[in-house]
Amino acid sequence: ITTVNGTLYAKGGSQGGDGGRIETSGGTLNYDSIEVSTITSTNDAGLWLIDPYNYFLTAANLTTLDGNLDSNNITITTTGGTSGSFSASSYGSGYIVFEDDFTYDGSGNRTLTLTADDQIYLQGINASGSGSLSLVLNASGSNIFIDENISTNGGSFTSTSDTIHFQKLDGNQSLSTSGGNINFGSANVWLGKSDNVNNDFTISTGSGTFTSSGNYYLDNNTYSILAPVNHTAATLTNGDSTFYSTGQNFGTLNAGDEYTLRLYSWDSWDNEVVTLRLGGTDIFEVTRTANSDGTINTPQHATVSNVTS
């Protein structure tokens, strides 16, 4: 876990100059007590880059994001494990998830960029202050899911993905930019359509342009994802094939959910093999080979599917 507190400045000078760049990296991030500024004397801003491996932003995280967006353009990326020395597969597949609505109430015209190695899940997004909010959503080769209305107050909306799902089923849903351009690229667009409610989807750019070359479909399903839960329920002893419970259990493995197995062992466990077996099927195996700094050289990972017992 990377925990960051205090105040970080990379401002432009009083006589001019661009704002700087600040990067916050780690497998898991905690920055709820941080203040970041890359502001310039002309109210432009530099960049705050946030790059964990999986990012589920709670209401508190989103409040911190709003508080710092007025002083920075912000990029959140979960692509490919580019930060630090760990692989992304050790910490998740690279989701970016907003667990609550997000409101930007600043006065500066800012850009929020979300670049995910996997899917992006958003609730409502609203620019309620005098500044505009441009949104850049990158989930190349994957999907973007949006549950509520988006309003950018003059900012643009740009997305790169296989599909975009506007999936509000209990009422009307809208994407409004008030002069900003909207570009869906070649993504196929799925519009939520309830069987029981007459709901409309509205796109409004004002004086802006609208670009979309994909196909459009109706869908009466909604898609969501839950934040990972950390289970620390078992200990494995050298040479033993049994996990010993410490008071918790691993719970139920649900189809479609993601699970990460982290192994800790002594340096003396050289050339030991650990296998995870479900229903008689070996789904994960790793050989622990010690080197001079005691790390694991040969981690592996796999996707579990169609396990029925």
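What you see is a predicted model; the values in this text were computed from it and never measured.
Between Ser204 and Ile182, the shortest heavy-atom distance links the atoms O-CD1, 4.3 Å. Considering every non-hydrogen atom in both Ser134 and Ser156, the closest pair reads OG-N, 3.1 Å. Listed here is the closest heavy atom pair of Gly129 and Asn153: O-ND2, 3.0 Å. Listed here is the closest heavy atom pair of Asn149 and Lys168: ND2-NZ, 4.5 Å. Residues Ser213 and Ser186 approach most closely at OG-CA, 3.3 Å, considering heavy atoms. Summarising the geometry of Gly155 relative to Thr177, their closest heavy-atom pair is O-CB, 3.4 Å, with the distance given to 0.1 Å.
In this structure, CG on Leu65 lies 11.5 Å from OG1 on Thr103, to the nearest 0.5 angstrom. We find the CG-NZ distance between Leu169 and Lys193 to be 10.0 Å, quoted to the nearest 0.5 Å. Atom CD1 of residue Ile144 and atom CG of residue Leu135 lie 10.5 Å apart, to the nearest 0.5 angstrom. Atom OG1 of Thr111 sits about 12.0 Å away from atom CG of Asn72, to the nearest 0.5 Å. Distance check: Glu99 CD to Leu122 CG gives 12.0 Å after rounding to the nearest 0.5 Å. Atom CZ of Phe98 and atom OH of Tyr121 lie 14.5 Å apart (nearest 0.5 Å).
The main-chain N or O of Asn172 is never found under 3.5 Å from a side-chain atom of Asp200 such that the two would form a donor-acceptor pair. Under the 3.5 Å distance criterion, the side-chain polar atoms of Gln173 are matched with a main-chain donor or acceptor of Ile146.
Both Phe166 and Tyr216 are part of a single hydrophobic cluster, where members link through side-chain heavy atoms under 4.5 Å apart. Following chains of ILVMFWY side-chain contacts shorter than 4.5 Å, one cannot reach Phe201 starting from Trp190, and the two form parts of different hydrophobic clusters. There is no path of hydrophobic side-chain contacts, each under 4.5 Å, that joins Ile203 to Tyr217.
Between Phe184 and Phe157, the ring-plane angle classifies as perpendicular under the 30° and 60° cut-offs.
Side-chain atoms of Asn109 and Ser132 form a donor-acceptor pair, as typed in the model, at a separation below 3.5 Å. Side-chain atoms of Thr209 and Asn181 include a donor-acceptor pair closer than 3.5 Å. Between the side chains of Thr211 and Asn183, no donor N or O sits under 3.5 Å from an acceptor N or O. For the 3.5 Å distance criterion, the side chains of Asp219 and Gln167 fail to qualify, holding no donor opposite an acceptor. A donor-acceptor contact under 3.5 angstrom links the side chains of Gln123 and Asp147, judged on distance only. Residues Thr58 and Asn61 have side chains that bring a donor and an acceptor to within less than 3.5 angstrom of each other. Under 3.5 Å, the side chains of Asp70 and Tyr104 contain a donor-acceptor pair of N or O atoms.
Test Thr63, Leu57, Asp66, Asn126 against Phe102 for side chain to side chain contact (heavy atoms under 4.5 Å, CB included) and you get one pass: Asp66.
The shortest side-chain heavy-atom distance between Tyr55 and Ile76 falls under the 4.5 Å cut-off. Looking only at side-chain heavy atoms (C-beta outward), Thr163 and Val189 stay at 4.5 Å or farther from each other. Contact annotation: the side chain of Ser142 approaches that of Asp118 to within less than 4.5 Å [non-hydrogen atoms, C-beta and beyond]. Residues Leu112 and Val136 have side chains not in contact (no heavy-atom distance under 4.5 Å, counting atoms from C-beta outward).
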From CA spacing to verdict: side chain to side chain donor-acceptor pair (under 3.5 Å), Asn199, Ser194: CA-CA 7 Å; Asn199 52 323; Ser194 172; 5.3 Å; no

